[in-house]
Amino acid sequence: MATALIYDGEMTSHKLLWDDPLCDIEVPDRLTVSYEALVRSGLVDRCASIPVREATEEEILLIHSEEYLEKVKKTPHMSVEELKDFSLQSDAVYFHPNSYHCAKLALGASLQLVDHVMMGKVKNGMALVRPPGHHSMRDASCGFCIFNNVAIAAQYAKQTYGIQRVLIVDWDVHHGQGVQYCFEDDPSVLYFSWHRYEHSTFWPNLSESDYNAVGKDQGAGFTVNLPWNKVGMKNSDFLSAFCHVLMPVAYEFCPELVLVSAGFDAGIGDPEGEMCATPDVFAHLTHLLMNLAGGKVCAVLEGGYNLTSLSQSVCQTVQTLLGDPNPRPENLDSPCESALESIHCVRRAHKQYWSCFSHAADLLEGQISTKPIGLAKEEEESTVKKKEECVWPEPPKRVAPLVRTAVLLSGDSVCPGGCERLPSSDHPDPDVVNELRQNFLQGDGDREALSALADLVTFTEKMEKNEICNGLAVVRDITLAVTCVVRQVTKAPNNRVLVVCVGDGEVPSNITGDRKTLVVQICSRETKQSNCKFYIPVCLKKGCSDLSGFIQAVFGLLLPMGYEFDPSLVLLVRMPGSEVCDGMWQQLTGLLQSLAKGHTLVLIQEGENTCVGPTASSLLGNPAPPLGRLQAPLPQDVEEIERLRLKLQGDWKLLQTTAPGAQRSDEL
Ligand code: SS9
Ligand code: ZN
């Protein structure tokens, strides 16, 4: 199924007709430059192009008042002077005689996208629109926004398709207060926004943008605000926010549709946001969302005012929606103290609503300042790069290997559709065989076993050469296979392998010595202990059969460590009798493809063949089926995961959810 791209040059006719330094960054070029970048990179040709349409009045009225609509309807007939006066009645908005038309197209484009995704005509998509929408309110335009495209899209989707849960992810650097107001008492729409806040000194300067605005009445808990109190937030801060705040809540919520208020003004070089997210990070944000809601993700453009950064980030987003392997994450280091403080505060504020935060640490009162801090101005300036100095490399091209998914199966099993079967070679390279014999098999060894290992070696070589993106192999001796692959891959000096073992059973202990292999094993509660930074057993009470505990372990431990480790290959190992259900396994397989440019090799024990089909499907890029609304994880599991996080966060900085130095009140 295709990815939709919705765009119409007509939406560039909305423009500023007078001098206004507050509004002059919202220019028509934002659209043309983004679209041209998509054309140049060949992405437009790969998308299904869907025509825009004008939204109807009835659709506008799903969110806006008749009075407001009547006012906007008059603007096409106004003189420039009248338009100017009318614009001044709103906060940071301009109107042009074509604005009403363009605003209807922007909304119509968003609704077209929702229709095509919901009817299963496309799998996902992006609408490149302006004017943007997330600041506009029932009765007022605001912050360049006239009609609230995404809020109306959510309401429209609920009404038209009878869905019960919509997730709105607002990754624009501004708080989409308009969206928040629409749904603050509505538990069917979960609204997540991060935004530049600086203790309410940044526009729109609202106390309801802070982390303690969680929604009202029935909707309490369904507004999640993550305020950034400093500029200069980096990739690590944004990815941490997804792993430790948004994703666990999103999985617990289990949306049927994901709408993204996709503004790119948190991107590096943006004059409004003054943040530092490099374009590749938007590939990761997009990818992380793509296994929710059965993959139904609709991204709708909001802000983004540095044309270079904007267009590069848009390309990363669309290319990810298309299913191309992700880039390796760039510049990941420790999240900054201020980001951790915010992340902690929002987790704490939502503790009572989401079981994934039930263990969010209670910090001592007074240790976290929620009030404006009079920061020394010099300190502030030295930590933040001046806008003009901001340069970053153009993101490298993301090349999808010719073969997406290859399989290595025993002779008589059928190759899953869409995959390429690797022939097992009758005459493996004698050097390879000799080496394998010396390393793995004493004495004569079994010819068959040797040639199976030789096939695995070939497999990994092809992935390394980028001839194959990912794949699966059914193996007889899983321990041997793991050891063999790890040895092979880590021969090259800069390679690293993340081994993810699902289920109990012995993991070869001799592979983590060189810091090039990180093993995370999710297993059932046994007395497995490790003091090694590179072998992490995560023991859950019911092993891999409890979805909530598993998800918690994935976002709380596995993915943050995986990101920080930044492997060149992910080896996903299904241990015999792992008891992980297909749905969870597919989620895991899908999520892990964020790493290592999508180079995932799945090893499956012979006899566990029933999972071959589902595994192949996820490796091919099909979204995993939703897991359903998750129950609260078992308290023991939450404790275990939390214990590990605290123990490991010294070594793995992306595991932190609290600022260093902040003390937990229960430790006193
Ligand atoms: C007022 C500054 C207004 C508006 C930014 C709107 C961005 C929409 N002092 N800035 S994504
Ligand atoms: Zn914005």
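First listed ligand is number 1; within each ligand, the first listed atom is number 1. Only heavy atoms go into these numbers, but all of them, side chains included; no hydrogens, no water, no symmetry mates.
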query: So which bit of E272 gets within less than 4.0 Å of ligand 1, heavy atoms only: side chain, backbone, both or neither?
result: side chain
- prompt: Between the side chains of T320 and R398, is a donor N or O closer than 3.5 angstrom to an acceptor N or O?
  reply: yes
task: Below 4.0 angstrom from a heavy atom of H135, which ligand 1 atoms are there? Numbered from 1 as shown, please.
output: 7 (C), 8 (C), 11 (S)
task: Please state which part of E26 comes within less than 4.0 Å of ligand 1, counting heavy atoms only: side chain, backbone, both or neither.
output: neither
field: Atoms in ligand 1 with a heavy atom of D265 nearer than 4.0 Å
entry: 11 (S)
- request: Look at the rings of Y35 and Y7 and say which category their plane angle falls in: under 30° parallel, 30 to 60° tilted, over 60° perpendicular.
  value: parallel
Sub-4.0 Å atoms of ligand 1 with respect to non-hydrogen atoms of A92: 3 (C), 4 (C)
task: Sort out for me which residue in F238, Y211, W171 forms a ring-ring contact (aromatic ring centres under 6.0 Å, His included) with W228.
output: F238
Among F555, Y563, W194, the one residue meeting ring-ring contact (aromatic ring centres under 6.0 Å, His included) with F242: W194
task: Please report the shortest heavy-atom distance between I50 and A4, naming the atom on each side.
output: CD1-CB, 3.3 Å
- prompt: Can you tell which part of V173 has a heavy atom less than 4.0 Å from ligand 1: side chain, backbone, both or neither?
  reply: neither
message: I need the OD1(D172)-the Zn ion (ligand 2)-OD2(D265) angle, rounded to 10 degrees.
response: 100°
query: Does even one non-hydrogen atom of E302 get within less than 4.0 Å of ligand 1?
result: no
- prompt: Which N/O/S atom belongs to H174 and is the closest one to the Zn ion (ligand 2)?
  reply: ND1
- line: Closest to atom 1 (C) of ligand 1 among protein heavy atoms sits W203 CD1, 3.5 Å
- prompt: Hey, is Y305 touching ligand 1 through its side chain, its backbone, both or neither, going by heavy atoms under 4.0 Å?
  reply: side chain
- line: Quick note on ligand 1: atoms under 4.0 Å from a heavy atom of H134 include exactly 11 (S)
message: W203 vs H195, test: ring-ring contact (aromatic ring centres under 6.0 Å, His included). Steps then yes/no.
response: CA-CA 10 Å; W203 188 89; H195 33 268; over 10 Å; no
field: Audit row: Y251, W354, ring-ring contact (aromatic ring centres under 6.0 Å, His included) steps and yes/no
entry: CA-CA 10 Å; Y251 271 84; W354 300 99; over 10 Å; no
task: Report the nearest protein non-hydrogen atom to atom 9 (N) of ligand 1: residue, atom name, distance rounded to 0.1 Å.
output: L22 CD2, 3.8 Å
query: Cut-off 3.5 Å, side chains only: do Y94 and D20 have a donor facing an acceptor?
result: no
Atoms in ligand 1 with a heavy atom of G303 nearer than 4.0 Å: 11 (S)
task: Please indicate whether K234 has more than 12 foreign heavy atoms, meaning atoms of other residues, nucleotides or ligands, lying under 6.0 Å from its NZ.
output: no
